Amino acid sequence: MVREIYSSELNKLLELYLHLHEKEIPDTTEHLSKTWDTITQDKNHHIIVNEADGKIVSSCVCVIIPNLTRNIRPYAFIENVVTHKDYRGRGYATQCLNYAKKIAIKDNCYKMMLLTGSKDDNTLSFYANAGYNCSDKTAFIQWLE
């Protein structure tokens with residue numbers, strides 16, 4: 001079942017992120033709690049999850065960004081697309097991305113964007129099959145310490 005996350009499910013999400021690129025679950029600190037509260041209270045920040053077998057097995061983040069161009073239409077940014085390794089290849093992430101697309105359409109976004117660090121052909125084909133292309137824009141990233 002695909003849906004938006006409940007505020008009580010932070011630990012489940014952090015466990016899933018171990019299948020993304022995280023090496024460990026962060027300690028429960030005031031900073032973590034404040035960050036989680038900020039995210040869950042932001043009407044433009046959507047964490048979409050997909051459940052199977054009673055647990056969260058896939059997720060993505062969709063942030064709606066207000067914009068002053070394109071007839072003052074916002075755009076959506078997709079990040080942290082992840083599926084538990086035991087549940088990959090079953091369409092769970094595609095369902096999350098489709099849910100994000102519905103949010104973007106409802107919010108009158110003119111485009112959706114995502115970045116991936118993966119060079120894996122399967123991952124790149126997954127995004128292409130989900131409707132994203134890598135020919136319209138060039139991404140540049142500057143990592144900050």
Side-chain angles (χ1 to χ4, degrees), residues 1-120 122-134 137 139 141-145:
M1 172 180 77
V2 65
R3 60 173 173 79
E4 290 201 49
I5 198 163
Y6 302 129
S7 60
S8 63
E9 295 178 310
L10 172 59
N11 288 334
K12 293 177 182 181
L13 181 65
L14 294 175
E15 288 175 16
L16 179 63
Y17 282 170
L18 294 174
H19 297 271
L20 183 61
H21 49 64
E22 296 301 305
K23 304 249 186 284
E24 61 187 32
I25 295 173
D27 292 332
T28 303
T29 62
E30 184 177 342
H31 178 63
L32 175 63
S33 297
K34 284 183 177 182
T35 300
W36 183 242
D37 288 345
T38 299
I39 289 169
T40 58
Q41 293 171 17
D42 182 349
K43 69 178 182 66
N44 288 323
H45 201 131
H46 305 271
I47 298 179
I48 299 152
V49 297
N50 206 338
E51 284 184 301
D53 302 326
K55 61 184 174 181
I56 294 174
V57 299
S58 190
S59 179
C60 74
V61 173
C62 175
V63 179
I64 307 300
I65 301 169
N67 182 40
L68 294 174
T69 65
R70 305 286 180 157
N71 286 327
I72 313 173
R73 292 177 66 193
Y75 57 93
F77 189 78
I78 305 300
E79 184 63 90
N80 296 337
V81 180
V82 60
T83 300
H84 186 291
K85 67 179 179 65
D86 296 338
Y87 290 84
R88 291 181 182 157
R90 300 184 195 178
Y92 294 118
T94 299
Q95 291 173 0
C96 287
L97 290 175
N98 289 340
Y99 194 99
K101 185 176 181 178
K102 289 178 184 175
I103 291 170
I105 290 168
K106 176 187 72 65
D107 285 353
N108 196 33
C109 292
Y110 77 95
K111 70 178 177 182
M112 296 177 69
M113 299 185 304
L114 67 80
L115 300 173
T116 181
S118 178
K119 306 298 182 213
D120 180 72
N122 291 329
T123 302
L124 301 178
S125 293
F126 165 74
Y127 289 127
N129 290 334
Y132 296 86
N133 75 69
C134 58
K137 298 262 183 177
I141 297 174
Q142 182 179 62
W143 296 102
L144 306 175
E145 292 189 37

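Computation of the quantities below employed the complete heavy-atom set of this structure, encompassing side-chain atoms and omitting hydrogens, waters and symmetry-equivalent molecules. Since the model is a prediction, treat every value here as computed from it, not as a measurement.
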Residue pair [X] / [Y]: nearest heavy atoms and the distance that separates them:
X: Leu32; Y: Asp27; result: CD2-O, 3.5 Å
X: Thr69; Y: Asn67; result: OG1-ND2, 2.9 Å
X: Ser118; Y: Leu124; result: O-CD2, 3.5 Å
X: Ile48; Y: Cys62; result: CD1-CB, 4.1 Å
X: Tyr6; Y: Trp36; result: O-CZ2, 4.0 Å
X: Leu115; Y: Ala139; result: CD2-CB, 3.3 Å

Intermediate values then yes/no, side-chain contact (heavy atoms from CB on, under 4.5 Å), Leu18 and Ile25: CA-CA 7 Å; Leu18 294 174; Ile25 295 173; 4.0 Å; yes
Can you tell me how far [atom2] of [Y] sits from [atom1] of [X], rounded to the nearest 0.5 angstrom?
X: Ile47; Y: Cys96; atom1: CD1; atom2: SG; result: 11.5 Å
X: Leu16; Y: Glu9; atom1: CG; atom2: CD; result: 11.0 Å
X: His45; Y: Ile5; atom1: NE2; atom2: CD1; result: 10.0 Å
X: Leu97; Y: Ser58; atom1: CG; atom2: OG; result: 8.0 Å
X: Ser59; Y: Leu20; atom1: OG; atom2: CG; result: 9.5 Å
X: His19; Y: His84; atom1: NE2; atom2: NE2; result: 3.5 Å

Partner residues of Thr35 under the side-chain contact (heavy atoms from CB on, under 4.5 Å) criterion, sequence neighbours left out: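 side-chain contact (heavy atoms from CB on, under 4.5 Å) check on Thr35 returns His31, Ile39.
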Sidechain-backbone polar pair: Asp53 side chain, Lys55 backbone, donor-acceptor under 3.5 Å: no
Donor-acceptor under 3.5 Å (Asp120 side chain, Asn122 main chain): yes
With Tyr92 via ring-ring contact (aromatic ring centres under 6.0 Å, His included) - residues at least two apart: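 Result, ring-ring contact (aromatic ring centres under 6.0 Å, His included) vs Tyr92: none returned.
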Lys111 atom NZ, over 12 foreign heavy atoms within 6.0 Å: yes
Asn133 atom CG, over 12 foreign heavy atoms within 6.0 Å: yes
Glu4: partners by side chain to side chain donor-acceptor pair (under 3.5 Å), with sequence neighbours left out: His46
Parallel, tilted or perpendicular: ring planes of Tyr132 versus Tyr127, cut at 30 and 60 degrees: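 If you compare the ring of Tyr132 with that of Tyr127, the planes turn out perpendicular.
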Residue pair Ile64, Cys109: steps toward the side-chain contact (heavy atoms from CB on, under 4.5 Å) verdict: CA-CA 8 Å; Ile64 307 300; Cys109 292; 3.7 Å; yes
Val63/Glu79 under side-chain contact (heavy atoms from CB on, under 4.5 Å): CA gap, chis, key distance, verdict: CA-CA 8 Å; Val63 179; Glu79 184 63 90; over 6 Å; no
Identified side-chain hydrogen bond (donor to acceptor under 3.5 Å, both in side chains) partner of Asn50 from the options Arg3, Arg90, Gln95: Gln95
